Amino acid sequence: MHDIFIDQIPGAIPLTLVTRDGLEAVLVAFSARDRAWVQANAFTAGEGQILALPDSDGGVARVLVGVEREDEIFALSGAAASLPDGDYAIESPLEQESASRLALGWGLAAYRFGRYRKSTRKSARLVWPGAADRGRVARELAAVTLVRDLVNAPANDMGPAALAEAAREVAQNYQASCQITAGDDLIPANYPAIHAVGRAAMEPPRIVDIGWGDPAHPEIALVGKGITFDTGGLDIKTGSSMHLMKKDMGGA
């Protein structure tokens, strides 16, 4: 995440989070020149609205970001995706929950799928909000990024075998057990329906069973159906809808 977040540095461009109701209070502290700039650009602090204020040298002095609430996870997503390469710091003091949610939203908006072609666009970097729980943000961002990478891979490169192997890697990374039952072995394992539905495919179906945690604790089971490409209803789906079939495994 070194290309998304940075530690506190001098010279970072301030990000001022502004609500519609709080805009006037913010503008009071601005110079007449800056207030005129805000008015000329019709900035009303609408949700997702972004306005860069110039400094005397033609650079960026600060960026105003319209938000509905300061704890909204995607409040900075538009800024993360559209601001030019540079270092930015949230100006407002934040509680841990708000700081963590804003940082996570920034990281999610900076996501790029680079499995086949690397993005040449540099991402704007956010100074870690002081109160943010960095460990939590890193874990949640890594989890969502993994899911996005798997879902964005086309079905010819992300079939049952590849998805099962990705699950095995997750289990290994977190010292979890992982048992994979594939093809005809599903029948004696008492998974006849899974076998029946998937046996017509080029790759045999699989059941992936991951176990993690203290055996003395209450057992919680999460079950997901990982269809790597769903041809059901093919005759009534439009071409654009067919592009989304690979996403049917997202829940799993």
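The model shown is predicted, which means the values in this text are computed figures rather than measured ones. All residue numbers refer to positions in the sequence shown, counting from 1.
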Heavy-atom closest pair, residues P192 and N190: CD-C, 3.2 Å
Co-membership, hydrophobic cluster, residues V67 and L108, 4.5 Å side-chain: yes
Inter-residue atom distance K246.NZ - D157.CG, 0.5 Å rounding: 10.5 Å
Close side-chain approach of P129 to W106, heavy-atom, < 4.5 Å: no
hydrophobic_cluster_shared for I50 and V26, side chain cutoff 4.5 Å: no
E97 atom CD, over 12 foreign heavy atoms within 6.0 Å: yes
Heavy-atom side-chain contact between W37 and N41 under 4.5 Å: yes
Steps toward side chain to side chain contact (heavy atoms under 4.5 Å, CB included) verdict (I4, L126): CA-CA 6 Å; I4 303 175; L126 180 69; 5.9 Å; no
Linked, directly or transitively: Y174 and L146 (ILVMFWY side chains, under 4.5 Å): yes
Using residues 197-210 as the side-chain source, report each donor-acceptor pair under 3.5 Å to any protein atom, sequence neighbours left out, with the distance given to one decimal.
residue	atom	partner	partner atom	Å
E203	OE1	A161	N	2.9
R206	NH1	P204	O	2.6

D185 side-chain N/O to T181 backbone N/O, donor-acceptor pair under 3.5 Å: no
Audit row: L163, L150, side chain to side chain contact (heavy atoms under 4.5 Å, CB included) steps and yes/no: CA-CA 8 Å; L163 184 58; L150 294 174; 4.2 Å; yes
Results of side-chain contact (heavy atoms from CB on, under 4.5 Å) for F43 - residues two or more places apart only: L23, V38, A45, Q49, L51, L64
Student check: side-chain heavy atoms of E68 and T19 closer than 4.5 Å: no
Rounded distance [0.5 Å steps], OG1 in T145 versus CG in N152: 10.5 Å
Within 45° cone and under 6.0 Å: R148 NZ/CZ vs Y111 ring: yes
Closest contact, heavy atoms only, I73 versus L104: CD1-CD2, 3.6 Å
Side chains of R168 and I180 in contact at under 4.5 Å (non-hydrogen atoms): yes
Donor-acceptor pair, side chain of S177 and main chain of G211, under 3.5 angstrom: yes
W128 side, atom CH2; D133 side, atom CG - distance, nearest 0.5 Å: 8.5 Å
Separation of T16 OG1 from R62 CZ (nearest 0.5 Å): 4.0 Å
Test item: D34 side-chain N/O and F30 main-chain N/O as donor-acceptor pair under 3.5 Å: no
Shared hydrophobic cluster for F74 and V18 (ILVMFWY, side-chain gaps under 4.5 Å): no
Worked check of side-chain hydrogen bond (donor to acceptor under 3.5 Å, both in side chains) between E70 and S98: CA-CA 7 Å; E70 288 188 353; S98 296; over 6 Å; no
Audit row: L15, L83, side chain to side chain contact (heavy atoms under 4.5 Å, CB included) steps and yes/no: CA-CA 11 Å; L15 289 174; L83 287 176; 3.9 Å; yes
Test salt bridge (Lys or Arg N to Asp or Glu O under 4.0 Å) applied to R101 and D71, step by step: CA-CA 6 Å; R101 288 172 63 83; D71 63 347; 5.3 Å; no
From CE (M158) to CG (D149), nearest 0.5 Å: 9.0 Å
Minimum-distance pair of heavy atoms, taken over all atoms of F5 and A103: CZ-O, 3.1 Å
same_hphob_cluster(L53, L17) at 4.5 Å side-chain heavy-atom cutoff: no
Other residues, nucleotides, ligands: >12 heavy atoms within 6.0 Å of E95 CD: no
Least distance between heavy atoms, A124 atom then P84 atom: CB-O, 3.7 Å
Student check: side-chain heavy atoms of M249 and I227 closer than 4.5 Å: no
Salt bridge (Lys or Arg N to Asp or Glu O under 4.0 Å) assessment of R125 paired with D7: CA-CA 10 Å; R125 293 168 297 279; D7 289 315; over 6 Å; no
T228 to A155 - nearest heavy-atom pair and separation: O-CB, 3.8 Å
L76 vs I90 side-chain heavy atoms within contact, under 4.5 Å: yes
Nearest-0.5 Å distance that lies between atom CZ in R35 and atom CG in L27: 7.5 Å
Under 3.5 Å: donor-acceptor pair, side chain of D214, backbone of A216: yes
Nearest non-hydrogen partners of S77 and A109, listed with the distance: O-CB, 3.4 Å
